[in-house]
Amino acid sequence: MTNIVTRKSITFINNQTPATITESSLDLDTCYKETEIVIEVYAAALNPVDLGFQKLTFAKISNSKPKGIGEDYSGVIIRKGVKVAPIWGIGDQINGLYTHFYGEQGTLSNYLILDPSQHPAIGHIVSKSTPATINEEIDVDDDDDDGNGKKKNSEFVKNAAWPVVFGTAYQSLFGQGQIWNKDSMVLVFGASTSVANCFVQIAKNQLHIGTVIGICSSKSMEQNQQVGFDYTIPYDEGEGFIANLRDLMKTPEFIGKKFDLIFDSAGTSEFYPVMDEFLKPRVENSYYVTAVGPRTPVEYTPKEILSLYSLSAPIRTYNPWRKFNYKGIFGTPNKSYMDLAARMISLGRYVPKIDSVYQFEKFEEAFDKLRSGKAKGKIVIQIKE
Ligand SMILES: NC(=O)c1ccc[n+]([C@@H]2O[C@H](COP(=O)([O-])OP(=O)(O)OC[C@H]3O[C@@H](n4cnc5c(N)ncnc54)[C@H](OP(=O)(O)O)[C@@H]3O)[C@@H](O)[C@H]2O)c1
């Protein structure tokens, strides 16, 4: 008996062609190598980089093959090669981050084939202690088990939502050898982003950092304080966020204090001329860390996307005369943040935030929401109903 299935994937060809659903045949018994597993994908989350990749695919210099989209996934292992480590078994419910550069397959597909040793950001879905916070009215209940030992679809949605953003936040906090305690001070630009949502939960609930201040729109201030920010400052009121930050730092609690880490998760260059005023001296291992580069927030033009990879980044990073430590984060796949997130979820210390869930066929609406730059949490596409 053959096990030929239809593989449905969301793909694009170049930046002149819209993303579309493409179909192909997949023989489940022969499609994988000895070192690979086949995952039936239940849910996959969108990330701004998915838009970025397509925008950078100029028709004149790219080939005409369909290219897969998506990096975050959750699902069930349905086949495994003989050389796959015993930790991964048929029927295991897993999630992870599948990195690819214009690969043929992305995670926005009902099947994903990968070698777990080459894609180490992979883990087993853990039992919950808290449901994900979801903005819109979506049927996600508190009970993660369907009574037969299988995760409910809501658990797959929740666990597709975090690998990329949690990993980025993790590397921003752990990657520079900084030591955290109750006296540490951290400032986050872009407090409402999904990356910052993970960041503040790790900072407060796991590392017990004393003060985490977030900069966001005035309408998001209260919500971000509920997630864990000790203070929030608006970027859209008064003379702008630098002036608003100055006002806060003049209050008795902060007089004479500076930050150990300024983390940019939205894209700004406004700190560069005033870094000394807010960031502790370099010798104290203080850092300016960016996941975005100095681009305008939530714009996705090729020039802006490339800014994190621009010439100014190595100069800021390696120039021996630099005035402050600078680090650009590039979301390297890593098992340690998958394990930390799983532990934090099971202890109720990390609750993934989901903006909205879309059916596979409605992927265009999901991309429109991502493009709006207004999502409050992750946008997830449910692939297996
Ligand atoms: N380097 C890496 O490895 C890596 C990995 C993941 C993501 N990223 C990048 O990190 C950034 C955040 O990604 P994400 O998925 O977390 O974003 P996201 O969840 O889509 O962020 C949406 C939020 O951005 C905020 N925002 C919009 N305009 C803003 C502005 N002018 N200033 C400050 N905040 C603004 C909005 O909240 P308000 O209500 O506050 O406006 C909105 O809710 C993206 O640029 C993404 O490309 C990088």
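One-based numbering, in listed order, for ligands and for the atoms of each. Treat the numbers as computed from the prediction; the structure is a model and nothing was measured. Quick note: residue numbers are just sequence positions, from 1.
Lys250 NZ to Leu245 CG: the interatomic distance, rounded to the nearest 0.5 Å, is 10.5 Å. Taking CD1 of Ile209 as the reference point, atom CG of Asp183 lies at 11.5 Å (rounded to 0.5 Å).
Residues meeting the side-chain contact (heavy atoms from CB on, under 4.5 Å) test with Glu104, sequence neighbours left out: none.
For the residue pair Asn110 and Lys8, the shortest heavy atom distance occurs at OD1-N, 2.8 Å.
Of all the atoms in ligand 1, the ones that sit under 4.0 Å from a non-hydrogen atom of Ala375 are 22 (C), 23 (C), 42 (C), 43 (O). Here is the list of ligand 1 atoms found below 4.0 Å of a heavy atom in Ser220: 38 (P), 39 (O), 40 (O).
For atom 46 (C) of ligand 1, the candidate residues are Ser172, Pro234, Pro48; the nearest heavy-atom contact is made by Pro48. With distances taken over non-hydrogen atoms, the option nearest atom 42 (C) of ligand 1 out of Gly373, Ser192, Ser372 is Gly373.
Checked against a 3.5 angstrom limit, the closest N/O atoms of Ile329 and ligand 1 fall inside it. Geometrically, ligand 1 and Cys216 share no nitrogen or oxygen pair separated by less than 3.5 Å. An N or O contact shorter than 3.5 Å is missing between Ala266 and ligand 1 by distance.
Checking each of Gln118, Glu71, Gln105 against Tyr98 for a side chain to side chain donor-acceptor pair (under 3.5 Å) leaves exactly one that passes, namely Gln105.
Taking the six-membered ring for Trp and thresholds of 30 and 60 degrees, Tyr288 and Tyr326 have nearly parallel ring planes, at less than 30 degrees apart.
Counting heavy atoms under 4.0 Å from ligand 1, residue Phe330 touches it through the backbone alone. Heavy atoms from both the backbone and the side chain of Ser217 come within less than 4.0 Å of ligand 1.
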